[in-house]
Amino acid sequence: MMREGARVRLDYSAQSLWRVDRVIEEIRREGAPYDAVRETLRGLGAYAGEVIARHTGAEWWASGGEHWIRTPDGRLWDPIEEARRCYGGHGSLRLLCRDALG
């Protein structure tokens, strides 16, 4: 969960995802239970998806309560799941964006 008063500047740039990865890492290091941070991770993943969409012309796709980004080349990306993977220590929203930008 984000600390009250936390000041994280997010400007929808690909570089801002460095900060998002660090925020998730900090939350993970603090040992917050997943259930307590689920919605925060969802929001940070959605932010990363919007960064990808704005920089690639991608569109959001949804089915069965899941959301993905579809880039113009037809590939599907799951930034919300990637945020969960980051929390588990196995992902990076910054690298996901880099790959999506090609």
Side-chain angles (χ1 to χ4, degrees):
M1 61 191 134
M2 299 289 284
R3 278 200 188 101
E4 197 172 312
R7 302 223 185 253
V8 179
R9 297 191 89 143
L10 301 177
D11 59 4
Y12 294 99
S13 68
Q15 294 80 12
S16 70
L17 295 176
W18 282 89
R19 289 185 290 276
V20 174
D21 277 348
R22 284 194 307 258
V23 165
I24 294 172
E25 174 62 22
E26 183 178 314
I27 293 169
R28 186 172 72 81
R29 272 189 273 128
E30 290 177 357
Y34 176 76
D35 286 341
V37 298
R38 178 180 307 156
E39 290 305 311
T40 298
L41 294 172
R42 184 173 176 79
L44 294 171
Y47 169 78
E50 190 60 26
V51 170
I52 293 169
R54 290 181 183 202
H55 290 275
T56 66
E59 297 179 338
W60 282 98
W61 284 67
S63 176
E66 298 295 321
H67 296 83
W68 302 277
I69 292 290
R70 184 176 184 141
T71 50
D73 61 10
R75 293 182 294 168
L76 290 173
W77 305 87
D78 192 343
I80 295 170
E81 179 59 29
E82 191 67 15
R84 292 180 193 124
R85 288 177 37 78
C86 290
Y87 181 72
H90 306 292
S92 169
L93 292 170
R94 174 186 59 84
L95 294 178
L96 179 77
C97 181
R98 182 197 67 188
D99 292 347
L101 293 175

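Quick note: residue numbers are just sequence positions, from 1. Not measured: the values here are computed from a predicted model.
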Here the pair of heavy atoms bringing A53 nearest to I69 is CB-CD1, 4.3 Å
State which residues pass side chain to side chain donor-acceptor pair (under 3.5 Å) with [X]; sequence neighbours excluded, sorted by chain then number.
X	answer
D11	S13
R38	D35
Y12	none
E25	R28, R29

Same hydrophobic cluster for V37 and I80, using side-chain heavy-atom links shorter than 4.5 Å among ILVMFWY?
no
Spell out, yes or no, whether Y34 and I24 are grouped together once hydrophobic residues are joined by side-chain heavy atoms under 4.5 Å, including indirect joins.
yes
Quick one: [atom1] on [X] to [atom2] on [Y], what's the gap to the nearest 0.5 Å?
X	Y	atom1	atom2	answer
T40	I27	OG1	CD1	6.0 Å
D78	R84	CG	CZ	7.0 Å
L41	E81	CG	CD	10.5 Å

Any ring pair (Phe, Tyr, Trp, His ring centres under 6.0 Å) involving residues 50-79? Give me the pairs, sequence neighbours left out, ordered by first then second residue.
none
Taking only residues two or more places apart in sequence or in another chain, which ones pass salt bridge (charged side-chain N to carboxylate O under 4.0 Å, His left out) with R42?
none
Could you pull out all donor-acceptor pairs under 3.5 Å where a side-chain atom in residues 91-102 meets a protein atom, sequence neighbours excluded?
residue : atom : partner : partner atom : Å
S92     : OG   : D21     : OD2          : 2.7
S92     : OG   : R94     : N            : 3.4
S92     : OG   : L95     : N            : 3.1

Give me each pair satisfying salt bridge (charged side-chain N to carboxylate O under 4.0 Å, His left out) with a member in residues 45-71, each pair once, sequence neighbours excluded.
E50-R54
